[in-house]
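Read through the structure below, which is laid out as structure tokens, and then see the notes.
Note on naming: letters A, B, ... go to the chains in the order of the sequence lines (proteins, then strands), and numbering restarts at 1 for each one. None of these values were measured; they are calculated from a predicted model.
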Number of protein chains: 2
Amino acid sequence: MPVSDSSDGSVWLRRERPPRDRQLSRGQIVDAAVPVLDAEGHRGLSMRRIAADLGVTAGSLYWYVRTKDDVLELALDRVLGEVGADPDEPDWRLGLAGLARNTRTMLLRHRWALLELTVRPNLGPNAFTLAETGLRLLSRAGFADADLDAAMATVNDQVVGAVIAEVAWRDTLTRMRRSGVEWSEHATTLYLRDVAERHPLLARRMAAAKGSDAERDSERRFEFALTCLLEGLAATCRAGADNAAVSP
Amino acid sequence: MPVSDSSDGSVWLRRERPPRDRQLSRGQIVDAAVPVLDAEGHRGLSMRRIAADLGVTAGSLYWYVRTKDDVLELALDRVLGEVGADPDEPDWRLGLAGLARNTRTMLLRHRWALLELTVRPNLGPNAFTLAETGLRLLSRAGFADADLDAAMATVNDQVVGAVIAEVAWRDTLTRMRRSGVEWSEHATTLYLRDVAERHPLLARRMAAAKGSDAERDSERRFEFALTCLLEGLAATCRAGADNAAVSP
DNA sequence: ACCTGAACACCGTTCAAGT
DNA sequence: ACCTGAACACCGTTCAAGT
């Protein structure tokens, strides 16, 4: 997972050329890339494909962008713009929960964005706006300085981690359905029976998962994690406030 | 990120061939793959490279494995075996914290494993053992049924999310150092000044991050998240117990 | 049964040459 | 200044042919 490597740094630090005889723009490149990513994932996106959709040759894209990675970085910020959040929500827990839920639904719409989100720090304008919103809500909760950072990171990491797991699981299910795999096949049954003997708790949970609706389960889990985390954050910042009040 | 697609399912369900004139084994293939992944990441690993290191041709690997993805799946379970954890630790919070910390250090040793971990559900033997350990600790905490699943997922997702962010950040820093980028360059300064104006909280946090040790910060954040989460879990399962005691 | 060697159908990126 | 067209140096995977 390489990222731009030269000394002029991230895409965001290199202004787009002033238009002259241009037929293209970074915006148009992203316009072409996002639908392909949504429909076919990273696998479906090639520089040749983008170029073809725009009616040019692959080489010409490199006039606007230095690597394919730049395209993905731009595409990520584009979809981050779809996440709505209210920085002025008076109840910080409601505000953060909303931010988390909106992020989740955006990521389910643009699954490819998960990888981009996790591969490099995010320096696009929409990423910054979202970060500021989160920080605002958490600072209203009472966090400051290093704890403010840590709290923000904790929420982000939980959302990203949860959606990654959810998407991986959903993809596997659809792949299995498409290729007609059955859990009841011989080798599978033997393997799982073996597993069950050594891992009783796991076996019970797998059995329970079989009958239930995967989509509903993921959503329940996401909400469980969210309330759990907000509860923990509230407790932590109460403790911090108490300590501050007690110590000089 | 495609995974095995045919109807015989995951690698784990296909037994290795009985030896006859074999020069290779899945084990040897993994032996060759892991060091390459550790040293050069996904980018450095090709079927041709593995084959060369084993003194055979690329094509022959396909006798043991159906896709490159199979190799990665096997490699992941190999390194999951390095994570130690005590399922019988009497204090469940200590036990889970230990599991989380050990997972983190393993993932920092084998950064490529993060992507594998997140791309598909994990069906290898070592993955199962770790899952059982986590479930055991959490069931001792008082979780059961769907909440047991949810609690386990929450912890896992937090660890994975946190380490992903940590690795992304570290990689960016080393990349910047290697290519000699300076935050003080002209374009960067302008861009960041612009950001600071619109995002005061973010600007303050970025300024604070500049002077501090990234490695120490990540560890602090990881611990913050961990205590936060365990606190939240404890509260949630107390609440669950209370409800159960009150309602019929 | 296992491995080779060559081929197929792709990649991202570069760069002379055109306009 | 911008774009083309061809090339370079790779990929994963397949498969006849060998042993």
Side-chain angles (χ1 to χ4, degrees), chain A residues 1-6 8 11 14-29 32-33 36-37 40-75 112 115-116 119 179, chain B residues 1-6 8 11 14-30 32-33 36-37 40-75 112 115-116 119-120 179:
Chain A
M1 274 141 308
V3 173
S4 38
D5 219 275
S6 109
D8 26 306
V11 227
R14 300 187 311 276
R15 316 283 320 138
E16 193 162 14
R17 278 166 205 281
R20 239 172 82 153
D21 316 323
R22 285 216 245 111
Q23 308 183 4
L24 256 48
S25 69
R26 284 183 178 176
Q28 288 175 64
I29 293 176
V36 176
L37 286 166
E40 303 172 43
H42 283 94
R43 273 295 172 112
L45 192 76
S46 68
M47 296 301 268
R48 285 169 171 87
R49 169 73 185 272
I50 297 174
D53 288 359
L54 291 170
V56 295
T57 349
S60 67
L61 297 176
Y62 289 85
W63 192 258
Y64 299 89
V65 121
R66 208 181 36 213
T67 60
K68 184 187 181 184
D69 232 73
D70 277 3
V71 178
L72 292 168
E73 205 165 342
L74 293 166
W112 53 271
L115 184 59
E116 299 319 310
V119 136
S179 63
Chain B
M1 277 142 307
V3 173
S4 37
D5 219 274
S6 109
D8 26 307
V11 228
R14 300 188 311 275
R15 317 282 322 138
E16 194 162 14
R17 275 164 206 284
R20 238 172 83 156
D21 317 322
R22 283 217 247 112
Q23 309 183 4
L24 256 48
S25 70
R26 283 182 178 178
Q28 288 176 65
I29 292 176
V30 176
V36 176
L37 286 166
E40 304 172 42
H42 283 93
R43 274 293 171 113
L45 191 76
S46 68
M47 296 302 266
R48 285 170 171 87
R49 168 72 184 272
I50 297 175
D53 288 0
L54 291 171
V56 295
T57 348
S60 65
L61 297 177
Y62 289 86
W63 191 258
Y64 299 88
V65 120
R66 209 182 35 212
T67 61
K68 184 186 181 185
D69 232 73
D70 277 3
V71 177
L72 292 168
E73 205 164 341
L74 293 166
W112 54 271
L115 183 58
E116 299 319 309
V119 137
R120 63 188 139 243
S179 63

Exercise. If you look at every heavy atom in Leu72(B) and Glu116(B), which pair is closest and at what distance?
Worked result: CB-OE1, 3.5 Å

Under 3.5 Å, N/O pairs linking protein and nucleotides 7-11 of chain D:
from	atom 1	to	atom 2	distance (Å)
dA7(D)	N6	Arg48(A)	NH2	3.4

Under 3.5 Å, which donor-acceptor pairs link side chains of residues 44-51 of chain A to any protein atom two or more places apart or in another chain?
from	atom 1	to	atom 2	distance (Å)
Ser46(A)	OG	Arg49(A)	N	3.0
Arg49(A)	NE	Asp53(A)	OD2	3.3
Arg49(A)	NH1	Glu40(A)	OE2	3.2
Arg49(A)	NH2	Glu40(A)	OE2	3.4

Problem set entry | Closest contact, heavy atoms only, Leu24(B) versus Ser60(B) | CD2-OG, 4.4 Å

Exercise. Given the rule in the salt bridge (charged side-chain N to carboxylate O under 4.0 Å, His left out) test, do Arg26(B) and Asp70(B) qualify, once you have shown the distances and angles that lead to the verdict?
Worked result: CA-CA 10 Å; Arg26(B) 283 182 178 178; Asp70(B) 277 3; 5.7 Å; no

Problem set entry | Thr67(B) side-chain proximity, nearest of dT14(C), dT13(D), dC3(C) | dT13(D)

Exercise. For Tyr64(B) and dC2(C), is the shortest distance between a side-chain N/O and OP1 or OP2 below 4.0 Å?
Worked result: no

Seminar exercise, completed: Here DNA chain C, pairs taken as Watson-Crick or G-U under 3.5 Å and shown with ( ), [ ] when crossing and | when to another strand, reads ||.|||||...|||||.||

Exercise. Are Trp63(B) and dC3(C) close enough that a side-chain N or O sits under 4.0 Å from OP1 or OP2?
Worked result: no

Seminar exercise, completed: In numerical order, the residues of residues 51-61 of chain A whose heavy atoms come under 4.0 Å of DNA chain D are Val56(A), Thr57(A), Gly59(A), Ser60(A)

Exercise. When the distance from CZ of Arg26(A) to C1' of dC2(D) is rounded to whole Å, what number comes out?
Worked result: 16 Å

Problem set entry | Smallest separation among heavy atoms of Tyr64(A) and Ile29(A), with atom names | CB-CD1, 3.8 Å

